[in-house]
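Take a look at the structure set out below.
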Amino acid sequence: MRLDKFLCEMNLGTRSQVKDYVRQGHVTVNGLPEKAAERKIDINHDLVCFQGRLLSYRQYVYYMLNKPIGVVSATRDNHTETVVDLLGTGHRADIFPVGRLDKDTEGFLLLTNDGELAHRLLAPGRHVDKVYQVKVAHPLSSQDVTCLEQGVDIGEETYTLPARVEVVDRDQILLTIQEGRFHQVKRMLQAVDNQVMALKRVSFGGLVLDPGLEPGAYRELTPGEVELLQKAGSKKG
Ligand code: URA
């Protein structure tokens with residue numbers, strides 16, 4: 001791959017910006033300054049650094065982000081900061097969020113460039129678990145819990161699939177769902193005459209949000225975690 005193409009894919013700037021960086025001596029290949037942007041590199045063997053930072057190229061990358069409130073689940077937005085903006089520069093340009101969390105929802109969001117895995121994790125038939133910590137306006141009755149667990153009418157053709165509810169506190173529940181309908185948790189709580197006061201996704205596809213990640217922080221998934229997600233995405237029913 002050409003060096004300038006590689007630098008663009010790592011999201012360091014436009015083709016002409018990265019050419020300037022190379023010309024100005026910001027880039028080394030295998031420890032030596034490289035001033036030829038058209039130079040070919042072997043992405044599997046050559047070590048490319050930008051301003052001393054190693055740029056690692058893998059076909060697929062996977063990040064666990066603790067999405068903060070106020071940021072939108074999109075790749076680009078003209079007005080509001082996006083979850084991909086939170087990665088900063090030096091990351092691949094083809095990363096996107098797997099599914100969406102509302103602007104006022106925080107918690108676990110998977111970011112990747114692996115379209116196939118994303119598709120499988122989001123497919124309705126795969127029933128991938130998503131666990132939400134929900135702060136509710138009123139305590140839930142046992143009848144509310146039963147309704148949510150059996151499925152509720154949120155104004156669509158079909159009721160929601162059975163869910164799991166764990167009452168943690170008077171105003172706090174853990175809700176596990178296997179679908180991802182628009183505003184699903186908020187609409188489920190509305191269906192039992194309640195209201196979501198705060199919403200955080202704490203687990204996705206069997207992976208638990210890393211407690212070390214402050215809102216806005218992210219880390220790469222370990223190979224074992226990627227494998228777990230691959231398994232979650234290949235489960236049927
Ligand atoms: N359900 C919602 O209502 N909002 C989210 O962000 C996620 C699930």
Side-chain angles (χ1 to χ4, degrees), residues 63-77 79-87 95-112 117-140 144-145 147-169 171-210 213-218 229 232-233:
Y63 297 105
M64 174 191 292
L65 168 73
N66 184 1
K67 177 195 169 300
I69 290 169
V71 172
V72 293
S73 300
T75 48
R76 228 174 278 156
D77 189 282
H79 307 288
T80 312
E81 193 175 22
T82 73
V83 288
V84 172
D85 292 335
L86 292 172
L87 296 180
I95 293 174
F96 59 88
V98 178
R100 317 176 47 139
L101 292 176
D102 296 337
K103 193 172 172 184
D104 58 359
T105 300
E106 59 181 328
F108 189 162
L109 191 61
L110 175 68
L111 302 180
T112 185
L117 176 66
H119 181 74
R120 286 194 278 115
L121 289 170
L122 296 176
R126 302 286 176 170
H127 294 181
V128 170
D129 278 349
K130 294 130 195 142
V131 186
Y132 292 91
Q133 186 180 301
V134 192
K135 185 168 185 227
V136 288
H138 320 287
L140 266 72
D144 295 337
V145 171
C147 283
L148 291 172
E149 288 192 329
Q150 289 180 346
V152 284
D153 182 0
I154 57 170
E156 293 189 1
E157 250 174 48
T158 55
Y159 278 30
T160 55
L161 288 177
R164 281 198 303 279
V165 179
E166 187 188 326
V167 177
V168 179
D169 221 327
D171 67 350
Q172 194 96 223
I173 62 166
L174 282 177
L175 177 66
T176 305
I177 58 174
Q178 297 186 321
E179 307 168 277
R181 304 195 206 181
F182 185 62
H183 294 329
Q184 177 155 346
V185 175
K186 291 172 183 162
R187 290 158 75 203
M188 286 175 75
L189 269 298
Q190 271 165 16
V192 292
D193 295 323
N194 213 313
Q195 199 188 334
V196 171
M197 307 307 286
L199 189 56
K200 178 175 183 177
R201 184 155 71 190
V202 292
S203 172
F204 177 70
L207 297 188
V208 176
L209 178 65
D210 187 331
L213 291 177
E214 295 292 323
Y218 63 92
L229 280 185

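Indexing begins at 1, ligand by ligand and atom by atom, following the structure's order. This one's a predicted model, so the numbers in the text were calculated from it and none came from an experiment.
- Thr176 contributes atom OG1, which lies 11.5 Å from atom CG of Leu148 (distance to the nearest 0.5 angstrom).
- In the displayed structure, Arg100 atom CZ is contacted under 6.0 Å by at most 12 heavy atoms of other residues, nucleotides or ligands.
- Around ligand 1, the residues contributing at least one heavy atom under 4.0 Å from the ligand are Leu101, Asp102, Thr105, Tyr132, His183, Gln184, Val185, Lys186, Leu199.
- The list of salt bridge (Lys or Arg N to Asp or Glu O under 4.0 Å) pairs with a residue in residues 182-207, not counting sequence neighbours, reads Asp102-Lys186, Asp104-Lys186, Glu156-Arg187.
- Applying the side-chain hydrogen bond (donor to acceptor under 3.5 Å, both in side chains) test to His138 and every residue at least two apart in sequence or in another chain returns nothing.
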Enumerate, atom names and distances included, each donor-acceptor pair closer than 3.5 Å involving a side-chain atom of residues 160-168, sequence neighbours excluded.
from	atom 1	to	atom 2	distance (Å)
Thr160	OG1	Val152	N	2.8

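- Distance check: Tyr159 OH to Ile154 CD1 gives 11.5 Å after rounding to the nearest 0.5 Å.
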